[in-house]
Amino acid sequence: MGFVLYNTLSASLEEFVPINPPQVNIYTCGVTVYDNSHVGHGRSLIVFDVFRRYLEKLGYRVKFVRNFTDIDDKIINKANEEGKDFMSIANRYIASYYLDMEAINVKPANVEPRVTEHMEEIIALISKLIEIGKAYESDGDVYFSIDSFKDYGKLSKRSPEELEAGARIEPSSKKNNPLDFALWKASKSHEPGWESPWSYGRPGWHTECVAMIFKHLGETIDIHAGGIDLVFPHHENEIAQAESITGKPFARYWMHNGLVTVGGKKMSKSLGNFVTLKDIYTKYHPDVLRLLVLFTHYRSPLDFSFEKMEETKKAYERLKSAVEDIEPLKAIAKEGNPVLNIDFYSLEKTTQEQFYKALSEDFNTSLALAHVFNAVGELNRTKTESFKVGYITPKELEGYIFLANSLKQTLKDIFGLLEENTLSTTLKTLEPASSINISTEFLEILINARNLAKENKDFKVADFIRDELLKQGIKLEDTKAGTIWKKL
RNA sequence: GGCGACGUGGCCGAGAGGCGAGGCGCGGGACUGCAAAUCCCUUUUACAGCGGUUCAAAUCCGCUCGUCGCCUCCA
C-alpha cells in the first residue's frame, strides 16, 4: 500500500518509494543528553514512533536508527558545573531518556548509536573530506568549506549570499568563509577529547550523524527525520558532507515535524518555557500526550498548554471507554428486537479504510482520528440506547465487540495507545505514594455496601462512600448494569 | 534585514476549487435518588482584510495587516 509524504527537499508531496523494498532505512536525530527531555522532544519522538509503526504495519521492514549526542559543549558545561566527568552526565540523561521513552511508550530504535563510540568513523570521515579538498585544517580545528559544495542551501532554500547578508555569524579568523562549519574542534587540555591527526579534540555536531548513518544505514537512506528547527544548519551541513563524499543523494525523503510552542513561542531550554516529559506522565496518562500530539498534523505548530491536556484527557476517556468498557453491556445481553440496526461490520471496514487513507496522505493522524471518533460515537450511541431499553441482542453485542476490538488493535499497533503492560509498571515507580491503597476486593465490598444503602434510600451514606472514594482517586459511575469504578 | 511558514466557528484543529472532518466548551433535552458517564438537539452568513481569476474560491493569483520559525545551540 502506497502513501504520499511531504519532502522538505522538494518542498512538495511525493509518492513514497523505498530504495530496496520492503526495506526502509530511517534515521532520526536524537537528543543531546545534557538535561531531561521536554514536550518538544516528546512530540518529535512520538510522531516518528507512530510513523515507524505505520510503516511496519504496512509490511515494510524498517531499520530505525536514532542517535545520542553524548559529547557536546552543553554536556561539558554541565559537567563543569557539577564537578563531574562529562560521561557521567551523558549516562545520567541517557538513563533518564530511556525511562521517558518507556513511560510514553516510544519503541526503542533498532540501533541507538552514541557519538563517543564512533570516533574512528568520524575521524575517517573528516580525513576523507580533507583528502578530497572539501575541508581544511586550521590551527587544530577542521572546517568544511561550503564554497566547495555547489548545492549548499538546497534543503533550507537559501543561498550562501543570503546567509552572509544575515551577518549574524561571528567572524572567525580560523575560517576561510564565515559560513564554514566545524568538523573537528581542538579541545583545551582539561576538556574531554580524542587524539586525531589535527589535534586533541572533539567532533563538531554535524559530523556525527553522517558518520553514524554511513556506518549503520549506508550512503543513501530512505528517510531522514527530525524537528524543523534542524533543517538549517544541521541537516544542510549533513548533506554537504555526505554528498561531497558519495556524489549521491544522502536521503530520499526529508521529514520534519513542526515545533511545540507555549503561548505561541517555541518551547525551549533557553526561553525556560518548557515542560518536561516527567512533568506530564506523572500527572497524566501518557496516552493523553500521545493523543494530543496526534490530534495535530505533524507539520503544524502545536501550542502546548495544560488546558489542552485537560481537553484531550476528556476525549481520551471517551475513546477508551467506548472500546474497552464492554462488561456492562455484556451483562444485559439477551434476545429481542435489535435496537439500532447498526451494521458494525461495514462500519469497521469503512473506518479502517478511512483511517489508512488518511495516514497515506502525508501521515494525517488528525484526520485518521476524526474517523475513529465517528465510530466511537456509534459505539456509545449503541450503549446509551441499549441501556435505555435494558438489553442488547447477542448479535449486536458481537458486532459491537468486533468493531471495538478492531479499533483498539489499530490504535494500539499504530498510535501506541491503550497499551496495558509496558507503561503502567514504569508509572507506578514514579507515582507519589497514594494515601490509601485500596484492594479490588475491598473496593467491591464498599460498592456493594453503597448499593445496599441506595436500595434503602440512604443516600447520605451512598454519597459519602462515593465522595470519599473520589478523594482517593476512584470514581464510581452507576449504570443500568451495575456500578463501575475507574481509577483517575 | 534576508528566507520560510501560518492566520478556519466560543476555543483547539483537519481540509485545499463545488459535499460545514474531528475534539473541547456553552445552552436545551433524554437517562439518573442525586451525580458521573453517555446519547440527542443547538451553537449553520467559520475560513485575517482588500482586490483579481473562475459558472463556482476558505482552497488559485496579487497586495495589505498580523503571528511565528530559521539565519546562533536547539526535536
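All values below were derived from every heavy atom in this structure, side-chain atoms included, with hydrogens, water molecules and symmetry-related copies excluded. Since this is a predicted model, take the numbers as computed values, not measurements.
- Partners of A:Asn374 by side-chain hydrogen bond (donor to acceptor under 3.5 Å, both in side chains), not counting sequence neighbours: none found.
- The side-chain contact (heavy atoms from CB on, under 4.5 Å) check on A:Lys320 picks up A:Tyr316, A:Glu324, A:Leu418, with sequence neighbours excluded.
- Partners of A:Asp478 by salt bridge (charged side-chain N to carboxylate O under 4.0 Å, His left out), not counting sequence neighbours, listed by chain and number: A:Arg450, A:Lys454.
- Residues passing the side-chain contact (heavy atoms from CB on, under 4.5 Å) test with A:Asp343, sequence neighbours excluded: A:Tyr345, A:Ser346.
- In this view, A:Lys475 and A:Leu470, A:Glu477, A:Leu488 satisfy the side-chain contact (heavy atoms from CB on, under 4.5 Å) rule, not counting sequence neighbours.
- The salt bridge (charged side-chain N to carboxylate O under 4.0 Å, His left out) check on A:Glu317 picks up nothing, with sequence neighbours excluded.
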How does RNA chain B look in dot-bracket form if you count Watson-Crick and G-U pairs under 3.5 Å, write [ ] for pairs that cross, and put | where a base pairs with another strand?
-> (((((((..(((.....[...)))(.((((.......)))).)....(((((..]....))))))))))))....
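- The side-chain contact (heavy atoms from CB on, under 4.5 Å) test applied to A:Val275 returns A:Val39, A:Met267, A:Asp279, A:Ile280, A:Phe304, A:Phe306, not counting sequence neighbours.
- Partners of A:Arg43 under the salt bridge (charged side-chain N to carboxylate O under 4.0 Å, His left out) rule, at least two apart in sequence or in another chain, do not exist in this structure.
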Give me, pair by pair, the N or O atoms of the protein and of nucleotides 14-17 of chain B that are less than 3.5 Å apart, along with how far apart they are.
unit_1: B:A14; atom_1: OP1; unit_2: A:His297; atom_2: N; d: 2.7
unit_1: B:A14; atom_1: OP1; unit_2: A:Ser300; atom_2: OG; d: 3.0
unit_1: B:A14; atom_1: O3'; unit_2: A:Asn364; atom_2: ND2; d: 3.0
unit_1: B:A14; atom_1: O2'; unit_2: A:Asn364; atom_2: ND2; d: 3.3
unit_1: B:G15; atom_1: OP1; unit_2: A:Asn364; atom_2: ND2; d: 2.9

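- Within residues 226-239 of chain A, the residues that have a heavy atom under 4.0 Å from RNA chain B are, in order of number, A:Gly226, A:Gly227, A:Asp229, A:Leu230, A:Phe232.
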Summary of protein contacts for nucleotides 24-35 of chain B, nucleotide by nucleotide, where a base hit scores B, a sugar-phosphate-only hit scores S (4.0 Å, heavy atoms) | SS----S--BBB
